[in-house]
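For reference, the structure discussed in these notes is given below.
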Amino acid sequence: MRCCLLFTVVCLLATAQHAFSSAGSDDEQTLWSLEHAYWQYVEKNDLASYSNLWHKDFLGWPSVSSAPVRKDHITDWIISQTSKGLAFKTGELKPAGIQVTGDVAFACYWITCRWVDKDGKGTTHTLRITHAWVRSGKDWRIIGGMSMPEPQSPAK
């Protein structure tokens with residue numbers, strides 16, 4: 001009887017662990033998809049969809065800003081370039097890490113991109129990106145973040 005009870009408890013624990021780890025990986029996949037969508041929206045200059053990714057209480061510090069910004073200024077960096085006739089081109093998004101804890105997540109990655117002129121010329125840059133995400137109902141929104149240029153010779 002004890003062996004049967006022990007076996008049942010072990011099976012229940014294994015099932016619970018699998019359920020929790022599957023939920024985590026589903027959330028991780030969703031968040032990586034949203035990070036990719038973020039850059040697709042920038043490339044398409046779809047400011048409405050881009051803005052919809054951000055939580056109303058967002059506070060972050062983009063590398064192009066001298067001070068932290070709130071949601072009402074989150075598209076400034078895009079408009080400052082497109083107003084000059086430049087177009088954004090996304091390169092590789094390379095995940096560095098992600099942590100999902102309940103309704104909060106933190107994603108870290110590198111993105112390679114460039115702003116190009118009408119002739120397709122532009123300098124390629126790699127940025128380090130961090131985004132803090134919060135689940136709002138069924139959706140995830142960026143509530144915080146920071147970016148910085150990747151040095152030519154990163155510290156090891």
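What's counted below: heavy atoms across the whole structure, side chains too, no hydrogens, waters or symmetry copies.
Using a 4.5 Å cut-off between side-chain heavy atoms of Ile, Leu, Val, Met, Phe, Trp and Tyr, with links allowed through other members, Y41 and F88 fall into the same hydrophobic cluster. Clustering ILVMFWY residues whenever any of their side-chain heavy atoms sit less than 4.5 angstrom apart, transitively, puts I111 in the very cluster that holds W115. Linking ILVMFWY side-chain heavy atoms closer than 4.5 Å, directly or via other members, places W39 and I79 in a single hydrophobic cluster. The hydrophobic clustering, which links ILVMFWY residues whose side-chain heavy atoms are closer than 4.5 Å, places W54 and V64 together. Hydrophobic clustering, with ILVMFWY side chains joined whenever heavy atoms are under 4.5 angstrom apart, keeps L127 apart from W61.
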Under the side-chain contact (heavy atoms from CB on, under 4.5 Å) rule, what do W133 and L34 come out as? Steps first, then yes or no, please.
-> CA-CA 10 Å; W133 293 82; L34 288 167; 3.6 Å; yes
Start with the C-alpha gap between T30 and W140, add the side-chain angles, then the distance that decides, and say whether side-chain contact (heavy atoms from CB on, under 4.5 Å) holds.
-> CA-CA 9 Å; T30 296; W140 287 93; 4.0 Å; yes
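Side-chain atoms of D117 come within 3.5 Å of backbone atoms of D119 as a donor-acceptor pair (strictly under, hydrogens ignored). With S147 contributing its side chain and P62 its backbone, the two residues share no donor-acceptor pair below 3.5 Å. The backbone N or O of P151 sits nowhere less than 3.5 Å from a side-chain atom of R128 that would complete a donor-acceptor pair. Looking at K89, its side chain never comes within 3.5 Å of a backbone N or O of C113 through a donor-acceptor pair. Within the 3.5 Å criterion, the main-chain N or O of W77 finds a donor-acceptor partner in the side chain of S80.
The closest side-chain heavy-atom distance from I142 to H55 is not below 4.5 Å. Taking the side chain as every heavy atom from C-beta outward, I74 and Y50 approach each other to under 4.5 Å. No side-chain heavy atom of E92 sits less than 4.5 Å from a side-chain heavy atom of Y109. Between T126 and P149 there is no side-chain heavy-atom pair separated by less than 4.5 Å. The closest side-chain heavy-atom distance from D27 to R135 is below 4.5 Å.
Closest approach of R70 and D57 over heavy atoms only: NH1-O, 4.2 Å. The two atoms that bring G120 and R114 nearest to each other are O-NH1, 3.2 Å, heavy atoms only. Considering all non-hydrogen atoms of both residues, C108 and W32 come closest at O-CH2, 3.5 Å. Nearest heavy-atom pair across V100 and A105 is CG2-CB, 3.9 Å. The two residues D76 and D72 make their nearest non-hydrogen contact at OD1-O, 4.5 Å.
Between the NZ atom in K71 and the CG atom in L53 there is a gap of 9.0 Å [rounded to 0.5 Å]. With rounding to the nearest 0.5 Å, the separation of CZ in R141 from OG in S136 is 6.5 Å. Atoms CZ and NE2, from F58 and H131 in turn, are 6.5 Å apart once rounded to the nearest 0.5 Å. Atom CG of D139 is separated from atom CG of N52 by 7.5 Å, given to the nearest 0.5 angstrom. Here the NZ-OG1 distance, from K44 to T90, works out to 10.0 Å after rounding to the nearest 0.5 Å. Rounded to the nearest 0.5 Å, atoms CD1 (I78) and CG (L86) are 13.0 Å apart.
W110 belongs to no hydrophobic cluster with other residues, because no ILVMFWY side-chain heavy atom falls under 4.5 Å from its own, directly or through intermediates. Members clustered with F106: none, using a 4.5 Å side-chain heavy-atom cutoff among hydrophobic residues.
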